[in-house]
Amino acid sequence: MLGFGCLVTILLTVYIYNSSSGQIVLEFGDFAGSNWDIPNWSSSKISDEAIAKFEAIHPRIKIKYLTGIPKSDYSEWLAQKIIKGKEPDVFCVLESDFNTLASIGILKKLDGLIQNDLKFEMAKFYNNAVKSGQFSGPQYALAREVVPILMFVNKTLLTKEGIAIPRDDWTWDDFYRICQKVTKDTDGDGKIDQFGTVGFDWHHAVYTNGQQLFDPYGAKAMFDQPGVVEAIQFIQKLNRLNANIRVTPDDYDNGKVAFRPFPFSAYRAYKSYPYRLIRYAQFEWECVKLPRGPRGKNASELHSFLIGISARTKHQREAWEFLKFLTYDWEMQMNILKYSYGIPVLREATESIEADMALSKYTPDQEISVDKRLLSQVIEQSTVTPRFHKYDAAMNIADNEIFRIINDDMDAETALRSFNRYLGEYLIQ
Amino acid sequence: MTSKQLFIISLVVVLLGTSFSVYGAPKQKVFGATMHNLNNPFFVALNEGIKQVVESRGDKLISFDPQQDLTRQISGIEDFVSRKVDAIFVAALDWKGIKPALETAKRAKIPVIVVDAPVYDVDLVATTVASDNWQAGVLCAEDMIKRTGGNANIVILHHPTAKSAIDRTEGFKSVIKKYPGCKIIAEQAANGQLDQAMLVMEDIIQAHSKIDVVMGLNDPTAMGAIAALESANRLKGVLVYGVDGSPDAKKMIKEGNKLTATASQFPSQIGLMGAEAAYKILAGEEVSKDIKVPVKLIDKSNIDQHVIDQFE
């Protein structure tokens, strides 16, 4: 009896304490490892430090950090949580899941929270970073970091061939001329063994030609536009240089290819110690902007690391404070440069003097290997692909069909016209 | 649950490309696996080895990456227990500190199969499948003695809580103690992490003007040390040893003189053997409590006999 009385007293004390202190527990869901699929031994430090600092500023809020699920299993983990009605209050959203999660109402619309928060200025973000969290208009997520695509150049190979590194405003014609010049049989066995490019695919061609493949709401396919036709024709022309030999990423790694598009995160990781030891150590390389088509700019697709709030959270205000802290706090943004290989979404952070120091750390002779204004320009010139419900499925269909058009060297204009009709019907089904 | 909610859930499941496998088919076995850090290719290969066996039987493996944090690893194991998995695979970050999690699993009658990194409380686990880590250290030391004649200033980068690393370091020391000309000038924790190894090695380079040998507890550690030595222009003439036989390490041995040798492990094999042991245990069969997998030294002299681009 005495024991029961003690238990009741303890429970009552705990209840009163919690009620008076008003402590709120927010769950934050994140995956383990790098979002950019490169080795990163300190990827959880960004969140660990953010949580510690946020809790210190907001003693009433406790963050329960749910991490450890590998990126490859994260979608399933999140889906299972949603099924049970137990998704975290705030969670990271893989780019490939964003359209689905926004379309089914799991992600909270943030527009009201943004407008009512006088301490939050959306204008400080890169415009394209903002767009990457929008779905058919409203804001459903905020980007914490972004990564554009750049062109890796094998300097050793170009120097050997007497070719200068392309300027940042180079065109498809410049690109083609260099590819044509370097594609050759170097060992005299009658087979081509040195190539112009690997990985510059039809997506890069379309985006560097300034084209969009769908209207913003996913109601209309635009694969029959002249700019898209030009892009596919350009890829066909590049492929013909290789005389049916399949060029692989290993060929680039082995120094046999002049150009390969890569995300900026790979540049940051492999240009500096310690990872420069592991990749592309056997030749000198640099990166430049992608070549532009006749209608486009020197930029391709932009990738984002997105974070959103559950539409079912019971702690909307606190969740917003935490999301804002993760994406908008200066120190947290500088930690992107310290612990990740992405780029901060706040323009001022990317262009700061501190960013110089972070970007030049562990590069030989502390060289500043990245022109920050150029980086900002690439981010803003990149393409944020349209966000609508059927986007991923439509792109899968397009990948298969365009692979066939390119591989069979079909007449691009006719084939794309026909394909566009088919895809248009799929979109309105 | 409303029909709208059901609709949403169906969409989530279908559209995120997932299945009900974890909570679905009643006869499906579910396993949990937690390694040190899935950024380390060695543990990725080990995890894949387990997955290969588990999925070939139509069962399910849930992986949990503690990202080098013991508290997280313990929570991960507790989560496996609360999900009532059939068995748990563990590469312990701390061979003694992992005990509370092992006790939780034991109380829930869930067998624990230790892979790669042994635990102190062996009575709490069903079996241990690991490389002959002591021998890995011995092989590196013997090779180093051959190359230096037993006179060297040695740096050891270790992981003081992981038993696999402790054994490698002790195996290495067991050889060099016979050579008075071998001096350990620095011995510091790098915890098997490439970035950390580089930072630790930078400090050691500052403090010591003559370094002849670096013994890394694994390949990422050896590469972190090489990165620090190379960026300080001090790599020339230094013998660097690792353990793992990772593709990156083998490539480095083949292409240049940066990494002297690696004691090759066979993570896929450890994973396969661990998973097969788990099925035997669940079937009530006897399994040896300690299964050792041999290691092999790879250096420039025999690199061409090995597959470079994957673990063996």
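For clarity, every value in this text was computed on a predicted model and none was experimentally measured. First the proteins, then the strands, lettered A, B, ... as listed; each starts at 1.
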Please look at A:D37 and chain B and tell me whether the side chain, the backbone, both or neither of the residue comes under 4.5 angstrom of a heavy atom of that chain.
-> neither

Segment of A:T67 engaging chain B (4.5 angstrom heavy-atom cut-off) | both

On a heavy-atom basis, which atom in [X] and which in [Y] lie closest, and how many Å separate them?
X: A:L277; Y: B:A227; answer: CD1-N, 3.4 Å
X: B:Q67; Y: A:S44; answer: OE1-CB, 2.9 Å
X: B:N39; Y: A:G33; answer: ND2-CA, 4.2 Å
X: B:K251; Y: A:I278; answer: NZ-O, 4.5 Å
X: A:Y275; Y: B:D195; answer: OH-OD1, 2.9 Å

Who wins among B:M252, B:K258, B:Q73, B:E230 for the most heavy-atom pairs under 4.5 Å with chain A?
-> B:E230

Between A:D48 and B:R72, is the closest basic N to carboxylate O distance under 4.0 Å?
-> yes

Region of [X] that comes under 4.5 Å of a non-hydrogen atom in chain A:
X: B:P220; result: side chain
X: B:D79; result: neither
X: B:I226; result: both

Just wondering, are more than 12 heavy atoms of other shown residues or ligands nearer than 6.0 Å to [atom1] in [X]?
X: A:Y426; atom1: OH; answer: yes
X: A:N254; atom1: CG; answer: yes
X: A:K64; atom1: NZ; answer: no
X: B:E255; atom1: CD; answer: yes
X: B:N233; atom1: CG; answer: no
X: A:K109; atom1: NZ; answer: no
X: A:K86; atom1: NZ; answer: no
X: A:K155; atom1: NZ; answer: yes

Between the CD atom in A:E76 and the CD1 atom in B:I62, the distance rounded to the nearest 0.5 Å is 8.0 Å

